[in-house]
Amino acid sequence: MKKFTTGITVLDSSLSGGIPAGSLVLLIEKPGAGAEIVSFQFAIEGVKRGESVLYIVTDETSENLLDHMKVYFPEFSTNEKFKLISFISNITNDARAFLRASMHDPLGYIRKILATSKYDRIIINNLNSLTRNYDEREVISLIEELSRKVKNDGSVALAILVEGAIESKIENTLKAIADGIFELDVQERENEIQRRLKVIKLRRCMVPKNVFRYDITEKGIRMESLMRVI
C-alpha cells in the first residue's frame with residue numbers, strides 16, 4: 001500500500017511510512033498548536049518528492065500565506081508542482097483571474113478542480129472559515145467529495161479544523177467523514193509551552209499508542225524521538 005510521508009520523521013516512522021493513500025485526515029488543533037505549520041511541512045514534502053500539491057487557503061491571501069511559510073521554510077519556492085488557491089481576494093491579477101474563474105463561487109470552483117484535475121496531495125487551510133462563510137451543508141458536501149476524490153485517485157488530503165470553533169454537530173460530522181484524525185494540543189506547564197500530537201484514528205494503519213511531543217522551530221515541526229505511551 002502506498003503511503004505519503006508527512007515530512008516529520010518520527011511521525012512517519014510510527015505510521016510505518018506515513019499516511020495511507022486514499023486518506024482524508026483532519027488536523028484538529030487548539031489555537032496555537034501549529035497545525036498550519038504541519039500542513040506546510042506536508043505540502044513541501046510532497047513537492048520535494050516530485051508530487052503535485054494543491055493548497056487551498058480560505059482566510060488569508062496567497063501572498064500572506066507564502067510569507068508565513070517562508071518564516072519556517074525560507075528555501076521553499078513555488079513551482080509547477082505546487083498550486084496555491086486563496087478564497088480571499090486582493091488587487092493582484094491572480095485574484096482577478098480567480099474571481100473570473102470562480103464566478104464568485106469559490107466552493108463551486110474547488111468542486112470543478114476536484115472533478116477535472118488530479119493532485120497527489122490536497123490541503124485545506126482551514127475548515128472553520130468555510131463553515132462561517134458558507135452553508136454548512138455545502139461545506140460537508142465538499143468534504144464528502146474530497147473524501148471520494150482521494151480514494152478514487154489514490155491521493156491524500158489534509159484539512160485543518162480548530163477545536164470547538166464550530167457547532168459540535170458539524171464538527172462530529174466532519175470527524176465521521178474523515179479517515180484519520182490527528183489532534184494537536186498546546187498547554188502551558190511549569191512556565192513552558194508544551195505541544196503534543198495524538199493520532200485518534202487512521203484507517204488502514206495501526207494507530208500508535210503514543211502521545212508525541214513536538215516543538216515549532218525555525219525549520220518547522222521537530223518531534224521528539226522519545227514518546228510517552230498513553
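On a predicted model such as this, the values are computed, not experimentally measured, just so you know. The chain is numbered in sequence order, starting from 1.
Between Asn79 and Val47, some side-chain heavy-atom pair lies under the 4.5 Å cut-off. Glu145 is listed as a side-chain neighbour of Arg148, based on a closest heavy-atom distance under 4.5 Å. The shortest distance between side-chain heavy atoms of Ile19 and Asp179 does not fall below 4.5 Å. Looking at heavy atoms from C-beta onward, Leu15 lies in side-chain contact with Pro208 at the 4.5 angstrom threshold. Using a 4.5 Å cut-off on side-chain heavy atoms (C-beta onward), Leu142 and Leu114 make contact. No side-chain heavy atom of Ile8 sits less than 4.5 Å from a side-chain heavy atom of Leu197. At least one side-chain heavy atom of Ser16 sits less than 4.5 Å from a side-chain heavy atom of Lys3. Looking at Ile123 and Ile56, their side chains never come closer than 4.5 Å, going by heavy atoms from C-beta outward.
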Evaluate the criterion side-chain contact (heavy atoms from CB on, under 4.5 Å) for residue pair Thr131 and Glu136; output intermediate values, then yes/no.
CA-CA 6 Å; Thr131 57; Glu136 64 184 55; 5.6 Å; no
Going through the checks in order, is the side-chain contact (heavy atoms from CB on, under 4.5 Å) test met by Ser129 and Phe87?
CA-CA 10 Å; Ser129 178; Phe87 278 31; over 6 Å; no
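Note on Arg49 versus Glu45: salt bridge recorded, some NZ/NE/NH1/NH2 to OD/OE distance being below 4.0 Å.
A donor-acceptor pair under 3.5 Å is absent between the side-chain atoms of Asp153 and the main chain of Asp120, judged by distance alone. A distance-only check finds no donor-acceptor pair linking the side chain of Ser13 to the backbone of Val10 [under 3.5 Å].
One hydrophobic cluster, built from ILVMFWY side chains closer than 4.5 Å, holds both Ile44 and Val71. In the hydrophobic clustering of this structure, Ile200 groups with Ile177; members are Ile, Leu, Val, Met, Phe, Trp, Tyr whose side-chain heavy atoms approach within less than 4.5 Å, directly or through other members. One hydrophobic cluster holds both Ile37 and Leu66 under the rule that ILVMFWY side chains link at heavy-atom gaps under 4.5 Å. Val186 and Val211 fall into different hydrophobic clusters, where Ile, Leu, Val, Met, Phe, Trp and Tyr side chains are chained together by heavy-atom contacts under 4.5 Å.
Counting non-hydrogen atoms of neighbouring residues, nucleotides and ligands closer than 6.0 angstrom, the NZ atom of Lys219 reaches no more than 12 such neighbours.
Listed by first and then second residue, the salt bridge (Lys or Arg N to Asp or Glu O under 4.0 Å) pairs involving residues 24-36 are Lys30-Asp185 (not counting sequence neighbours). Here ring pair (Phe, Tyr, Trp, His ring centres under 6.0 Å) pairs that include residues 42-69, with residues two or more places apart or in two chains, are Phe40-His68, His68-Tyr72.
Of all heavy-atom pairs between Val199 and Phe212, the closest is CG2-CE1, 4.5 Å. Scanning all heavy atoms of the two residues, the minimum distance from Ala43 to Val53 falls at O-CG2, 3.6 Å. The two residues Glu51 and Arg121 make their nearest non-hydrogen contact at OE1-NE, 2.5 Å. Taking both residues in full, the closest heavy atoms of Phe182 and Leu184 are given as O-CD1, 3.7 Å, listed atom of the first, atom of the second, then distance. Listed here is the closest heavy atom pair of Ala178 and Leu26: CB-CG, 3.7 Å. Minimum heavy-atom separation, Pro20 to Ser23: O-OG, 2.7 Å.
Counting Ile, Leu, Val, Met, Phe, Trp and Tyr side chains that sit under 4.5 Å apart, directly or through other members, Met1 stands alone, with no cluster partners.
Expressed to the nearest 0.5 Å, how far CD of Glu144 lies from OG of Ser147 amounts to 8.0 Å. Separating the CE atom in Met69 from the CZ atom in Phe82 is a distance of 4.5 Å, to the nearest 0.5 Å. Residue Leu27 holds its CG atom at 11.5 Å from CD1 of Ile124, rounded to the nearest 0.5 Å. For the atom pair CZ of Arg204 and CG of Leu202, the computed distance is 7.5 Å after rounding to the nearest 0.5 Å. Between atom CD1 of residue Ile181 and atom CG of residue Leu24 there is a gap of 10.0 Å, rounded to the nearest 0.5 Å. How far CD of Gln41 is from CD1 of Ile216: 10.5 Å, rounded to the nearest 0.5 Å.
Among the candidates Asn133, Leu130, Asp135, the single residue satisfying the side chain to side chain contact (heavy atoms under 4.5 Å, CB included) test with Leu107 is Leu130.
In this structure, Tyr214 has no ring pair (Phe, Tyr, Trp, His ring centres under 6.0 Å) partners at least two apart in sequence or on a different chain. Legend: residues meeting side chain to side chain contact (heavy atoms under 4.5 Å, CB included) with Lys83, ordered by chain and number and at least two apart, are Leu54, Ile85, Ile113, Tyr119.
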Side-chain donor-acceptor pairs of residues 154-171 under 3.5 Å, sequence neighbours excluded:
from, atom 1, to, atom 2, distance (Å)
Glu171, OE1, Gly164, N, 3.3
Glu171, OE2, Lys175, NZ, 3.3

